[in-house]
Undergrad: 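Take a look at the following structure, please.
The model shown is predicted, which means the values in this text are computed figures rather than measured ones. Counting convention: from 1, in listed order, for ligands and their atoms alike.
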Amino acid sequence: MDSFGTRLHRAITERGPLCVGIDPHPGLLARWGLTDDVQGLERFSRTVVEALGDRVAVVKPQSAFFERFGSRGVAVLESTIRQLRDAGSLVLLDVKRGDIGSTVSAYASAYLDPSSPLYVDAVTASPYLGVGSLAPMFELAAEHGGGVFVLALTSNPEGAAVQRARTADGRTVAQTVIDEISQLNRGATPLGSFGLVVGATIGETGHDLSGVGGPLLAPGLGAQGAGAADLRTVFGSSLASVLPSYSREVLSAGPDVAALRAAADRVLVDCRAVLPAR
Ligand SMILES: O=c1ccn([C@@H]2O[C@H](COP(=O)(O)O)[C@@H](O)[C@H]2O)c(=O)[nH]1
């Protein structure tokens, strides 16, 4: 199989630079006229797959909203992942895993081994037990054409206190994460398989993203207050690597399939106005 970076580059070229999240918040289920239970979860997810699975480059189910229904919610997540793959979108599971290396191995098997029921194209991971502890994920991803998006500068205001703290060598914690992921992507073309999560809400921070060589997932657009124009401020000369991510902004247009498609088209137009052509 081609590497995740190659597959993502192709998907963006064919479908445009957009990631849409499946975040079935209780409030959204109610707004869609659905019950806050497994049936509502299943209906919500199927509708998003029907609306966007064949047109958006990446779909990002948020694991938490499935896990809250226990094993039956996870079963819905498994079938949603299968349906998305069948529809042709890449699946990025937002699950933000991180642990000591031996446990990360098990997480890697859960999400990045093709024989797993929860197998996806890429996952989000937390580097706060050390980027090196994520090595089993990087290795399995490389073996099977998968990707890993590591949290660097998150979109929430609380993240800055940890992520922008200075290390002994004067770099911020986030910059050390950025630099380690850049190393992993060295020499990869057209795009590395190891990405970073950098929120669209964070403004100009002075971090150097120019050598990352992999995708920069940008959540925080729409419901969290950032707009496409903010991507210029946050990413500067690295705009060409940005994968904008919207959840509630698009999902709140549902449950009508045509309205969901129109909302995704609208945010894609906004992003294309800012991002370089790919
Ligand atoms: O820094 C981060 C990392 C992840 N997220 C996730 O993205 C979506 C955002 O949803 P919206 O409805 O578009 O606000 C959600 O799943 C978060 O857990 C993030 O927001 N920021």
Undergrad: Lys60 versus ligand 1: do any nitrogen or oxygen atoms come within less than 3.5 Å of each other?
TA: yes
Undergrad: Please report the C-alpha distance between Leu153 and Thr205 in whole Å, then the side-chain angles of each, then the deciding distance to 0.1 Å, and finally whether the side chain to side chain contact (heavy atoms under 4.5 Å, CB included) criterion is met.
TA: CA-CA 9 Å; Leu153 292 154; Thr205 64; 4.2 Å; yes
Undergrad: Taking atom types as modelled and ignoring hydrogens, do the side chains of Gln224 and Thr201 form a donor-acceptor contact shorter than 3.5 angstrom?
TA: no
Undergrad: Please tell me whether Tyr111 and Tyr119 form a close aromatic pair, meaning their ring centres lie under 6.0 Å apart.
TA: no
Undergrad: Could you check atom 9 (C) of ligand 1 against the protein and tell me its nearest heavy-atom contact, residue, atom and distance included?
TA: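 Of every protein heavy atom, Gln224 NE2, 3.5 Å lies nearest to atom 9 (C) of ligand 1.
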Undergrad: For Arg272, check side-chain hydrogen bond (donor to acceptor under 3.5 Å, both in side chains) against everything at least two apart and list the hits.
TA: none
Undergrad: What is the closest protein heavy atom to atom 12 (O) of ligand 1, and at what distance does it sit?
TA: Arg248 NE, 2.6 Å
Undergrad: Would you indicate which of Glu249, Lys96, Gln163 comes nearest to atom 3 (C) of ligand 1 when only heavy atoms are counted?
TA: Lys96
Undergrad: Does ligand 1 come near enough to Asn156 that some N or O of the ligand is less than 3.5 Å from an N or O of the residue?
TA: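 No, Asn156 has no N/O under 3.5 Å of an N/O on ligand 1.
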Undergrad: Any nitrogen or oxygen of Ser247 lying under 3.5 Å from a nitrogen or oxygen in ligand 1? Just yes or no.
TA: yes
Undergrad: For Phe65 and His25, take the angle between the two ring planes, folded into 0 to 90°, and tell me which bin it lands in: parallel under 30, tilted 30 to 60, perpendicular over 60.
TA: tilted
Undergrad: Using only atom types and a distance under 3.5 Å, with no angle test, would you say the side chain of Thr124 pairs donor to acceptor with the backbone of Val95?
TA: yes
Undergrad: So, Arg248 and Asp23, do they make that salt bridge, N to O below 4.0 Å?
TA: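 No, Arg248 and Asp23 are not salt-bridged.
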Undergrad: Which one holds for Leu221 and ligand 1: side chain close, backbone close, both close, or neither close, with close meaning a heavy atom under 4.0 Å?
TA: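 Looking at Leu221 and ligand 1, just backbone atoms fall under 4.0 Å.
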Undergrad: Check for a donor-acceptor pair, side chain of Gln175 on one end and backbone N or O of Val177 on the other, with a separation under 3.5 Å.
TA: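 No: the side chain of Gln175 does not pair with the backbone of Val177.
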Undergrad: Can you pull out the closest protein heavy atom to atom 6 (C) of ligand 1? Residue, atom name and distance to 0.1 Å, please.
TA: Asp94 OD2, 3.4 Å
Undergrad: Report the C-alpha distance between Arg31 and Ser252 in whole Å, list the side-chain angles of each, state the deciding distance to 0.1 Å, and finish with yes or no for side chain to side chain contact (heavy atoms under 4.5 Å, CB included).
TA: CA-CA 8 Å; Arg31 188 172 169 154; Ser252 58; 3.8 Å; yes
Undergrad: List the closest protein heavy-atom neighbour of atom 16 (O) of ligand 1: residue, atom name, distance to the nearest 0.1 Å.
TA: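 Going by distance alone, atom 16 (O) of ligand 1 is nearest to Asp23 OD2, 2.5 Å.
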Undergrad: Which residue and atom name correspond to the protein heavy atom nearest atom 21 (N) of ligand 1, and how close is it?
TA: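 In this structure, atom 21 (N) of ligand 1 has Ser155 OG, 2.6 Å as its nearest protein heavy atom.
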Undergrad: Looking only at heavy atoms, is any part of Pro219 under 4.0 Å from ligand 1, and if so is it the side chain, the backbone, or both, or is it neither?
TA: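 Near ligand 1, Pro219 shows its side chain, while the N, CA, C and O stay back.
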Undergrad: Between Thr154 and ligand 1, does any nitrogen or oxygen pair lie at a separation below 3.5 Å?
TA: no
Undergrad: Quick one: which ligand 1 atoms are inside 4.0 Å of a heavy atom on Val197?
TA: 1 (O), 3 (C)
Undergrad: Does the N or O separation between Gln62 and ligand 1 drop below 3.5 Å for any pair?
TA: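 So ligand 1 has an N or O lying under 3.5 Å from an N or O of Gln62.
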